S.K.: 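First the structure, which I've put down as structure tokens, then a few questions once you've had a look.
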Amino acid sequence: MRILVTGGAGFIGSAVVRSLATAGHEVRVLDALLPAVHPSGVMPVLPKGVEARHGDVRDAAAVERALAGVDAVCHQAAMVGLGLDLDDAPGYVGCNDLGTAVLLAAMARSDVRDLVLAGSMVVYGEGRYRCPAHGDVSPGPRRPADLEAGRFEPPCPRCGAGLSPGLVAEGAPTDPRSVYAATKLAQEHLASAWARACGGRVLTLRYHNVYGPGMPRDTPYAGVASLFRSALARGEAPRVFEDGGQRRDFVHVRDVAEANVAALAAVGGRLPGSARAYNVGSGEVRTIREMAVALAAAHGGPVPVVTGEYRLGDVRHITADSARLRGELGWRARVPFADGMTEFATAPLRA
């Protein structure tokens, strides 16, 4: 297949491009090379035979040219991270939602009907919780007073009892708790509307905490793994927020890339007008503190510092049930946590 990868010069996008090229696909990249991600403004080195185009998904003419002759689109282009404050909201909505809308409108005008969308686990908000008295419950937003007092675990919204966290499946209710999360859910809704309107097919991959070589460094918009790795590169101790007990699923970027390859192989076999979401996680539940300790040990120190600080936009626990992706598309995460952290501890970061 000939595949257009938007955002194909980014951290995850470039890994997807490499995996697609290795699998024998023809790949075209469209990337805006935004200064926040690519300060040099120069397209990175991509595999031999990959066609690279400098263009923004918000530019309808650039998108239409990039779609010419392709069989499917792998949409990775997005502004990522929780952001700093609501001043970031226009940027997120513009890059993520307007950009997706422009792309989908151009696809509707063309004969390209197969789409794999880079989604995110942030659409769920808090993860799955069970109360011993009331069963599965959805805790409300965490209160600043509780966080200030070091009470980080969300209580049962009905009786205030302690909750047991569990794995989140794709059928869980969505509850975006940041501007970024809201834009990622809006992308899914836009893609579903496009599929129904023009007989398209979309598979959304809801990434969990992706890490690996080539992550951007020293940016507040990067994931926690990049922030810890950047601190270690500066000779500083990683600063772990809250008590470090936040549960996450850290999945290696190569495994995420292979999930995209599997999704692109499957999307064309779906019924016209269909949309389906898949969690992409390693299946290994770890805490933020565990990740910081493993990364620091593999790097050779300094030892992480648990600070008790918090961000209101963060959720306490969110971990994936990726059984649907394994069962329907035959994908498996291949990189174990310990091996991935050992590699990442010394792997180069993107400037």
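Quick caveat: nothing in here was measured; it's all calculated off a predicted structure.
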S.K.: For residues 339-351, which residue pairs qualify under salt bridge (Lys or Arg N to Asp or Glu O under 4.0 Å), counting only residues two or more places apart or in two chains?
M.R.: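 Non-adjacent pairs meeting salt bridge (Lys or Arg N to Asp or Glu O under 4.0 Å): Arg254-Glu343.
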
S.K.: Say you draw a straight line from CG of Leu115 to CG of Leu203; how long is it, rounded to the nearest 0.5 Å?
M.R.: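 That separation rounds to 8.5 Å.
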
S.K.: Under 3.5 Å, side chain of Glu126 to main-chain N/O of Arg316, donor-acceptor pair present?
M.R.: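 Pair found, side chain donor or acceptor close to backbone of Arg316.
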
S.K.: Salt bridge between Glu148 and Arg143, side-chain N to carboxylate O under 4.0 Å?
M.R.: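 Salt bridge between Glu148 and Arg143, a charged N being under 4.0 Å from a carboxylate O: no.
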
S.K.: Is it true that Val50 and Met1 fall in one hydrophobic cluster, defined by side-chain heavy atoms closer than 4.5 Å?
M.R.: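 Yes; Met1 is reachable from Val50 via cluster members.
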
S.K.: Say whether, by atom type as modelled, one donor and one acceptor occur between the side chain of Ser110 and the main chain of Met107 under 3.5 angstrom.
M.R.: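 It does hold such a pair.
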
S.K.: Kindly give the heavy-atom pair with the smallest separation between Asp87 and Pro90, and that separation in Å.
M.R.: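 So the minimum-distance heavy-atom pair works out to O-CD, 3.4 Å.
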
S.K.: Apply side chain to side chain contact (heavy atoms under 4.5 Å, CB included) to the pair Tyr310 and Asp243, showing each step before the final yes or no.
M.R.: CA-CA 9 Å; Tyr310 65 88; Asp243 60 359; over 6 Å; no

S.K.: Cluster question for you: counting only ILVMFWY and a side-chain heavy-atom cut-off of under 4.5 Å, with indirect links fine, are Leu86 and Met79 together?
M.R.: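 Yes, same cluster.
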
S.K.: Honestly curious: do Leu67 and Val57 fall in one hydrophobic cluster under the side-chain, below-4.5 Å linking rule?
M.R.: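 Yes: a chain of side-chain contacts under 4.5 Å links Leu67 to Val57.
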
S.K.: Is the shortest side-chain heavy-atom distance between Ile318 and Val168 below 4.5 Å?
M.R.: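 They are in contact (side-chain heavy atoms under 4.5 Å apart), so the answer is yes.
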
S.K.: Indicate yes or no for a side-chain donor-acceptor contact from Ser322 to the backbone of Gly281 under 3.5 Å, with no hydrogens or angles considered.
M.R.: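 Confirmed, Ser322 side chain pairs with Gly281 backbone.
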
S.K.: Taking only Lys NZ, Arg NE, NH1 and NH2, and the carboxylate oxygens of Asp or Glu, determine whether Glu258 and Arg334 approach each other closer than 4.0 Å.
M.R.: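 Arg334 and Glu258: not salt-bridged.
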
S.K.: Counting distance only, does the side-chain N/O of His54 pair as donor-acceptor with the main-chain N or O of Ala32 below 3.5 Å?
M.R.: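 Such a contact is found between His54 side chain and Ala32 backbone.
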
S.K.: For Cys95 and Arg58, which heavy atoms make the closest approach, and how far apart are they?
M.R.: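 Heavy-atom minimum between the residues: SG-NH1, 3.7 Å.
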
S.K.: Using a 3.5 Å distance criterion without hydrogens, assess whether the side chain of Gln187 forms a donor-acceptor pair with backbone atoms of Asn96.
M.R.: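 Yes; at least one donor-acceptor contact below 3.5 Å.
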
S.K.: So does Met215 get a backbone contact from the side chain of Ser226, meaning a donor-acceptor N/O pair under 3.5 Å?
M.R.: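 Such a contact is absent between Ser226 side chain and Met215 backbone.
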
S.K.: Working note: Leu117 + Leu205, criterion side chain to side chain contact (heavy atoms under 4.5 Å, CB included); need CA distance, chi angles, decisive distance, verdict.
M.R.: CA-CA 6 Å; Leu117 173 66; Leu205 300 178; over 6 Å; no

S.K.: Only one of Arg247, Arg142, Arg151 forms a salt bridge (charged side-chain N to carboxylate O under 4.0 Å, His left out) with Glu242, so which one is it?
M.R.: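 The passing option is Arg142.
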
S.K.: Under 6.0 Å from the CZ atom of Arg234, do we count more than 12 heavy atoms belonging to anything else shown?
M.R.: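 It does: Arg234 CZ has more than 12 such atoms within range.
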
S.K.: Of all heavy-atom pairs between Trp194 and Leu104, which one has the smallest distance, and what is that distance?
M.R.: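 Closest approach of Trp194 to Leu104, heavy atoms only: CD1-O, 3.4 Å.
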
S.K.: May I ask you to test the Pro238-Arg289 pair for a side-chain heavy-atom distance under 4.5 Å?
M.R.: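 No - every pair of side-chain heavy atoms lies 4.5 Å or more apart.
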
S.K.: Below 30° counts as parallel, above 60° as perpendicular, anything between as tilted: where do the rings of Tyr211 and Phe250 land?
M.R.: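 Geometry flag for Phe250 against Tyr211: perpendicular rings.
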
S.K.: So, the side chain of Asn279 versus the backbone of Asp321: is there a donor-acceptor pair under 3.5 Å, distance only?
M.R.: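 Answer holds: yes.
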
S.K.: Would you confirm whether Asp249, through its side chain, and Gly283, through its main-chain N or O, come within 3.5 Å as a donor-acceptor pair?
M.R.: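 Present.
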
S.K.: Who pairs with Glu26 by side-chain hydrogen bond (donor to acceptor under 3.5 Å, both in side chains), at least two apart in sequence or on another chain?
M.R.: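 Only Arg2 meet the side-chain hydrogen bond (donor to acceptor under 3.5 Å, both in side chains) criterion with Glu26.
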
S.K.: Counting distance only, does the side-chain N/O of Arg53 pair as donor-acceptor with the main-chain N or O of Arg28 below 3.5 Å?
M.R.: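 Between the backbone of Arg28 and the side chain of Arg53 there is no qualifying donor-acceptor contact (under 3.5 Å).
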
S.K.: Would you give me the side-chain donor-acceptor pairs under 3.5 Å for residues 301-309, sequence neighbours excluded?
M.R.:
residue: Thr307; atom: OG1; partner: Val240; partner atom: O; Å: 3.2
residue: Thr307; atom: OG1; partner: Glu309; partner atom: N; Å: 3.1
residue: Thr307; atom: OG1; partner: Glu309; partner atom: OE2; Å: 3.1
residue: Glu309; atom: OE2; partner: Arg239; partner atom: NH2; Å: 2.6

S.K.: Cluster partners of Val93, using ILVMFWY side-chain heavy atoms under 4.5 angstrom, listed by chain and number?
M.R.: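 Grouped by the 4.5 Å side-chain rule, Val93 forms a cluster of one, so the answer is none.
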
S.K.: Are Val202 and Leu329 linked, directly or through other ILVMFWY residues, by side chains that come within less than 4.5 angstrom of each other?
M.R.: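 The answer is no; the residues belong to distinct hydrophobic clusters.
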
S.K.: Using the ring centroid of each side chain, check whether Tyr180 and Tyr92 are separated by less than 6.0 Å.
M.R.: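 So the answer is yes for these two rings.
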
S.K.: Who are the ring pair (Phe, Tyr, Trp, His ring centres under 6.0 Å) partners of His75, not counting sequence neighbours?
M.R.: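 Result, ring pair (Phe, Tyr, Trp, His ring centres under 6.0 Å) vs His75: none returned.
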
S.K.: Is the closest side-chain heavy-atom distance between Ile12 and Val210 below 4.5 Å?
M.R.: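 Yes, side chains in contact.
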
S.K.: Sort out for me which residue in Glu153, Arg248, Gln246 forms a side-chain hydrogen bond (donor to acceptor under 3.5 Å, both in side chains) with His317.
M.R.: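 Among the candidates, only Glu153 passes.
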
S.K.: How close do Met43 and Ala9 get, heavy atom to heavy atom, and via which atoms?
M.R.: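 Closest heavy-atom pair between Met43 and Ala9: SD-CB, 3.7 Å.
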
S.K.: Are the side chains of Leu295 and Phe344 in contact, using a 4.5 Å heavy-atom criterion?
M.R.: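 A side-chain contact exists here, since the closest heavy-atom pair is under 4.5 Å.
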
S.K.: If we only count heavy atoms from C-beta on, is the Leu98 to Val102 side-chain gap below 4.5 Å?
M.R.: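 Sidechains of Val102 and Leu98: in contact.
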
S.K.: Are the side chain of Arg229 and the backbone N or O of Ala347 linked by a donor-acceptor pair below 3.5 Å?
M.R.: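 Yes, Arg229 side chain to Ala347 backbone: donor-acceptor pair under 3.5 Å.
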
S.K.: Just one of Val256, Val253, Leu349 clears the side-chain contact (heavy atoms from CB on, under 4.5 Å) bar with Phe11, so which one?
M.R.: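 Running side-chain contact (heavy atoms from CB on, under 4.5 Å) over Val256, Val253, Leu349 with Phe11 returns exactly one hit, Val253.
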
S.K.: Check side chain to side chain contact (heavy atoms under 4.5 Å, CB included) between Arg201 and all other residues, then give those that pass, not counting sequence neighbours.
M.R.: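 For Arg201, the residues satisfying side chain to side chain contact (heavy atoms under 4.5 Å, CB included) (neighbours in sequence not counted) are Arg113, Asp114, Val267, Arg270, Pro272, Ser274.
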
S.K.: Side chains of His134 and Cys156: does their closest heavy-atom pair fall under 4.5 Å?
M.R.: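 Contact flag for His134/Cys156 side chains = yes.
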
S.K.: Could you check Val261, Val16, Val27, Val17 and say which one makes a side-chain contact (heavy atoms from CB on, under 4.5 Å) with Cys74?
M.R.: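 Going through the options one by one, the only one that passes is Val16.
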
S.K.: Given the rule that I, L, V, M, F, W and Y join up when any side-chain heavy atoms are under 4.5 Å apart, are Val224 and Val335 in one cluster?
M.R.: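 Both belong to a single hydrophobic cluster.
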
S.K.: I want to check something: taking the side chain as every heavy atom from C-beta on, are Phe228 and Met291 in contact at a cut-off of under 4.5 Å?
M.R.: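 Yes, at least one pair of side-chain atoms sits under 4.5 Å.
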
S.K.: Rounded to the nearest 0.5 Å, what separation is found between the CD atom of Glu290 and the CD atom of Glu284?
M.R.: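 The CD atom of Glu284 is 10.0 Å from CD of Glu290, to the nearest 0.5 Å.
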
S.K.: Ignoring hydrogens and angles, state whether a donor on the side chain of Gln76 or Asp31 is under 3.5 Å from an acceptor on the partner side chain.
M.R.: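 Per modelled atom types, Gln76 and Asp31 side chains form no pair under 3.5 Å.
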
